[in-house]
Amino acid sequence: MNIPAPDVAQNISTSEHGTAPDRVGRQAREAASRQRPLRAVFMGTPEFAATILRRLLRTEHIELVAVYTQPDRPSGRGHKLCFSPVKALAGEHALPVLQPEHFKRDPQGDAAVAELAAFAPDLLLVAAYGLILPQRVLDIPARMPLNVHASLLPRYRGAAPIQRAIMAGETVTGVTIMRMQAALDSGPILMQRAVGIGIGDTARTLHDELAREGAELLVSALERLRAGALGEIRQDDSLASHAPKLRKEEAYLDLSLPAASLHALVRGLSPWPGAALFLHRPGAETLLVKLEPGSARLTEKQLALAAGFAAAHAYSDNAGLEAGSACAVRPGLVLGCADDALVVACGQGEAYAFYGLKPAGGKLMGGQAFYNGYLRDTHAFWSSSED
RNA sequence: CGCGGGGUGGAGCAGUUUGGUAGCUCGUCGGGCUCAUAACCCGAAGGCCAGAGGUUCAAAUCCUCUCCCCGCAA
């Protein structure tokens with residue numbers, strides 16, 4: 001969902017009209033760099049970083065001399081030792097892989113720093129590495145350390161920019177290439193590109209798209225760097241916002257919110273940690289259920305349908321009240337089921353349609369299937385707490 | 001040997017504690033009814049209860065092992 005947006009970098013050009021001696025000197029440097037590829041060290045860990053590394057592997061004039069990624073850690077069911085997507089990719093291409101624990105000031109960190117310096121890189125290309133890089137590491141590359149960040153900086157600095165943007169109901173976000181500084185995501189912006197957020201986008205789909213866009217934008221930035229045409233603009237710290245890592249507690253939905261807010265949360269929390277609710281049933285155990293959003297096309301349809309449901313319910317439940325009074329349906333009540341979605345009352349007299357429900361220990365299922373199995377005759381209601 | 005949940009007709013579940021003719025909500029098929037609803041009413045088909053072994057007069061249910069799915073944790 002790429003939308004036309006101003007390419008900030010075009011407004012950040014260096015002075016294109018330097019004096020004659022400058023121009024001669026620059027041309028000489030450019031000629032030299034055209035013959036010699038830039039030596040780059042890549043640092044990244046998850047799939048987002050792997051997508052960018054994949055793109056760099058087929059980029060001319062960039063010589064990847066080493067790949068840094070987080071150490072292998074026991075994870076997954078059974079706690080088997082797993083390695084990162086970046087390591088897997090680097091391995092396929094026979095690149096040297098280094099996995100230092102950290103770069104702190106101790107014997108171990110000092111060794112890691114020395115090892116990195118030995119690669120004599122021109123560039124450090126960093127994307128979701130998972131380690132804070134101290135200044136002495138950022139000082140190593142001859143040209144500069146570059147970072148790919150999945151937001152329109154200075155907004156959404158931090159670990160979870162993609163999810164936070166969706167959860168906040170944003171309709172536009174983007175990717176930024178910046179020159180790294182020691183403070184978190186605060187370096188000067190080199191290039192930036194906006195990407196629209198669709199009503200059906202989840203953290204996963206947007207993640208994939210931003211990774212692809214980020215990779216392309218990084219390649220553009222590298223081309224400009226080689227051409228000596230890469231300008232930069234300082235971040236306006238007064239516009240900065242933070243996107244901290246998601247906490248598990250944030251997964252529980254507050255059903256007193258209106259449907260649009262709930263939908264933004266469900267999408268931003270998908271696939272991890274997954275929006276969660278408790279289902280209370282008379283005479284049965286309380287059930288923890290995770291929610292997944294439906295497709296974009298269905299979503300628009302369902303939001304309309306849910307609104308209709310709420311209106312109908314308000315009418316029948318409030319028959320004794322005067323017309324036009326606020327809907328008295330308690331948020332969390334199950335209103336019904338339609339088109340494979342489970343319709344539940346939420347805030348402001350609205351209703352929200354659940355498409356994908358995954359009971360604890362069970363598999364993901366549609367609204368109708370869930371209704372058939374778990375709701376039957378009971379007067380059940382949903383809430384964010386276990387009791 | 002990290003912890004836990006689950007595998008029951010096409011779908012989703014109950015039943016397992018306290019062994020004793022396999023049930024519910026749907027779907028499917030046939031018939032009926034309705035201006036209409038997540039429609040409704042009547043009838044039918046469809047299951048060696050994941051697999052193997054054991055205990056028992058009798059096992060979906062108790063014991064042992066195997067396979068597959070899912071969550072936590074990272």
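Naming: A, B, ... by sequence-line order, numbering from 1 per chain.
- In this structure, the CG atom of A/L357 is 18 Å from the P atom of B/C26, given to the nearest Å.
- Here A/R164 does not pair with A/E170 in a salt bridge; the nearest charged N to carboxylate O distance is not below 4.0 Å.
- Between A/Y374 and B/C13, a side-chain N or O to OP1/OP2 separation shorter than 4.0 Å is present.
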> In dot-bracket notation, what is the pairing pattern of RNA chain B, taking Watson-Crick (N1-N3 plus N6-O4 or O6-N4) and G-U wobble (N1-O2 and O6-N3) contacts under 3.5 Å, with [ ] crossing and | for other strands?
Replying inline: .(((((((.[[[[.)....(..]]]].(((((.......))))).....[[[[[..)....]]]]]))))))..

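- Remark: A/F42 pairs with no residue by the ring-ring contact (aromatic ring centres under 6.0 Å, His included) rule, at least two apart or across chains.
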Can you name the atoms? Protein N/O to nucleotides 2-7 of chain B N/O, anything below 3.5 Å, with the distance.
{"from": "B/G2", "atom 1": "N7", "to": "A/H79", "atom 2": "N", "distance (Å)": "3.4"}
{"from": "B/G2", "atom 1": "O6", "to": "A/G76", "atom 2": "O", "distance (Å)": "3.4"}
{"from": "B/G2", "atom 1": "O6", "to": "A/G78", "atom 2": "N", "distance (Å)": "3.4"}
{"from": "B/G5", "atom 1": "N2", "to": "A/G361", "atom 2": "O", "distance (Å)": "3.1"}

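- With sequence neighbours excluded, the residues forming a ring-ring contact (aromatic ring centres under 6.0 Å, His included) with A/Y252 are A/F278, listed by chain and number.
- No salt bridge links A/E216 with A/R54; every basic N to acidic carboxylate O contact stays at or beyond 4.0 Å.
- Under 4.0 angstrom from either OP1 or OP2 of B/A73 there lies at least one side-chain N or O belonging to A/K248.
- In this structure, A/R204 has no side-chain hydrogen bond (donor to acceptor under 3.5 Å, both in side chains) partners at least two apart in sequence or on a different chain.
- Two rings, from A/Y156 and A/H242, have their centers 6.0 Å or more apart.
- In this structure, A/L375 atom CG and B/G12 atom P are separated by 15 Å, rounded to whole Å.
- The salt bridge (Lys or Arg N to Asp or Glu O under 4.0 Å) test applied to A/D72 returns A/K87, not counting sequence neighbours.
- Atom OH of A/Y371 is separated from atom P of B/A39 by 11 Å (rounded to the nearest Å).
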> Under the side chain to side chain contact (heavy atoms under 4.5 Å, CB included) criterion, do A/Y352 and A/L257 qualify, and how do the steps go?
Replying inline: CA-CA 10 Å; A/Y352 185 57; A/L257 292 170; over 6 Å; no

